[in-house]
Amino acid sequence: MTTILLARHGQASFGQANYDQLSELGGIQAQMLGEHYANTQRRIDAIFTGSLVRQQDSARHFWQRYQSFASRDQSQTPPLVSAIDLDNTDRHVLPQFDEFNHQDVLMKSHPAFGNRAAIAAEIAQAEVPSKRLAELFDQAMQRWHGGECDDDYLESWPQFNDRAQLALEQVRQKVVDMSLNRDSTVLVFTSGGVIAAITAQLLKQGSSTAYQINKSLVNTGVTAITFKNERTRLLSLNEYSHLFSAGKGFVTWR
C-alpha cells in the first residue's frame, strides 16, 4: 500500500504584494513537520512539489530539518534518509500541483476590481484592512465555486478540479516509474485548493464541499491518501499535531 501525503505549504504572505513567499513562521512550520516525521521514524521515499515558490521552499525547509534529525539515528535498516535531491527540479517539480490563480479569482469577483490598485483602495478604506481582505476573498471564492460565471476566469473551478485530479494521477504514475515498493511513502507539498479538490472527489462531493474543506486546511497540515490495487482511499485529513503540540501560535490558516 503506497501512501501519498499531501502537505499544504507553510504560511505564505497573505495581504502582501508578493503572496508567493513563505513568512518566517511558514518556514518554521515546514521545519517542524520535518522534525516530527524524523523523530517518529516516518520514512519518506520521494518528495514532489508544485512549481510555486512557497511550495518548493516548504519542501526544502522540511527536508533540511528531516535529514538533520533522521541522520542521528543510524539503527534504521534501510536508512531513514533516502536519496532525494530537491535541487533537481526536473524530477520533483510537478506544476499540476500549483494553486489556482487567486488574484484572478479576486479581480473577477466584482466589476470595480479590475486591477490590484482598486482592490488595495477598497481594503485601505476599511477599519480593519485584514478583515476586509478576508471578506472580499471569501465572496470571490463563493463566486468562483458557484459555477455561474465560469467563462470569466483564466481557470474556472471545473478546470481547476480536473487539473487537481490529474495531479494525483501523475503522482501515482511517478510511483510506478520510480519502481517504489508497495509500502512506500510519498510527500507532496502543494496548496489548499488542490488538496480540497482531491479530497472532495474522494468523498464523492462537489464544489461547495471542496470550498469548506479548503477553508479548514492548516498551513503544513497533512492529508493522507493510500493507493492499493488501483483503489484510492482517503486515510486522514488535515493532520497537524506537529504544530499543535508546540502551541496554538504555530497553527495558521493564512
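All values below were derived from every heavy atom in this structure, side-chain atoms included, with hydrogens, water molecules and symmetry-related copies excluded.
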What are the two closest non-hydrogen atoms of L86 and A59, and how far apart are they?
-> CD1-O, 3.5 Å
Nearest heavy-atom neighbours spanning A164 and A197 = CB-CB, 3.8 Å
Is there a side-chain contact (heavy atoms from CB on, under 4.5 Å) between R231 and K228 once you walk through the steps?
-> CA-CA 5 Å; R231 189 170 183 177; K228 185 177 182 180; 5.6 Å; no
Test item: side-chain donor near acceptor, [X] and [Y], under 3.5 Å:
X	Y	value
Q31	H61	yes
S51	Q56	no
T220	H242	yes
T232	R172	yes
Y66	N39	no
D45	T185	no

Hey, are the side chains of [X] and [Y] touching, using non-hydrogen atoms and a 4.5 Å cut-off?
X	Y	result
I225	L6	yes
N238	V222	no
V188	Q55	no

Does the distance from a Lys or Arg side-chain N to an Asp or Glu carboxylate O, for [X] and [Y], drop under 4.0 Å?
X	Y	result
E148	R143	no
K174	D177	no
K108	D152	no

Give me the ring orientation class for F137 and F100: parallel if the planes are under 30° apart, tilted from 30 to 60°, perpendicular past 60°.
-> parallel
Under 30°, 30 to 60°, or over 60°: which ring-plane class applies to W157 and F160, parallel, tilted or perpendicular?
-> tilted
Check the pair R163, E155 against side-chain contact (heavy atoms from CB on, under 4.5 Å), reporting the backbone distance first and the verdict last.
-> CA-CA 10 Å; R163 172 162 68 81; E155 184 178 42; 2.8 Å; yes
Please report the C-alpha distance between F48 and H92 in whole Å, then the side-chain angles of each, then the deciding distance to 0.1 Å, and finally whether the ring pair (Phe, Tyr, Trp, His ring centres under 6.0 Å) criterion is met.
-> CA-CA 5 Å; F48 298 103; H92 80 268; 7.9 Å; no
For the rings on F62 and F189, is their centre-to-centre separation under 6.0 Å?
-> yes
Is a donor on one side and an acceptor on the other found under 3.5 Å between the side chain of [X] and the backbone of [Y]?
X	Y	value
S58	R54	yes
Q159	S156	yes
T190	F97	yes

Can you tell me if NZ on K131 sees more than 12 non-hydrogen neighbours from other groups inside 6.0 Å?
-> no
Do L5 and V93 share a hydrophobic cluster, counting only Ile, Leu, Val, Met, Phe, Trp and Tyr and linking them when any side-chain heavy atoms are less than 4.5 Å apart?
-> no
Cluster question for you: counting only ILVMFWY and a side-chain heavy-atom cut-off of under 4.5 Å, with indirect links fine, are I4 and L237 together?
-> yes
Between atom CG of L52 and atom CG of D20, what is the distance when rounded to the nearest 0.5 Å?
-> 5.0 Å
Would V186 and V175 satisfy side-chain contact (heavy atoms from CB on, under 4.5 Å), going step by step from the backbone distance to the final call?
-> CA-CA 8 Å; V186 176; V175 169; 3.9 Å; yes
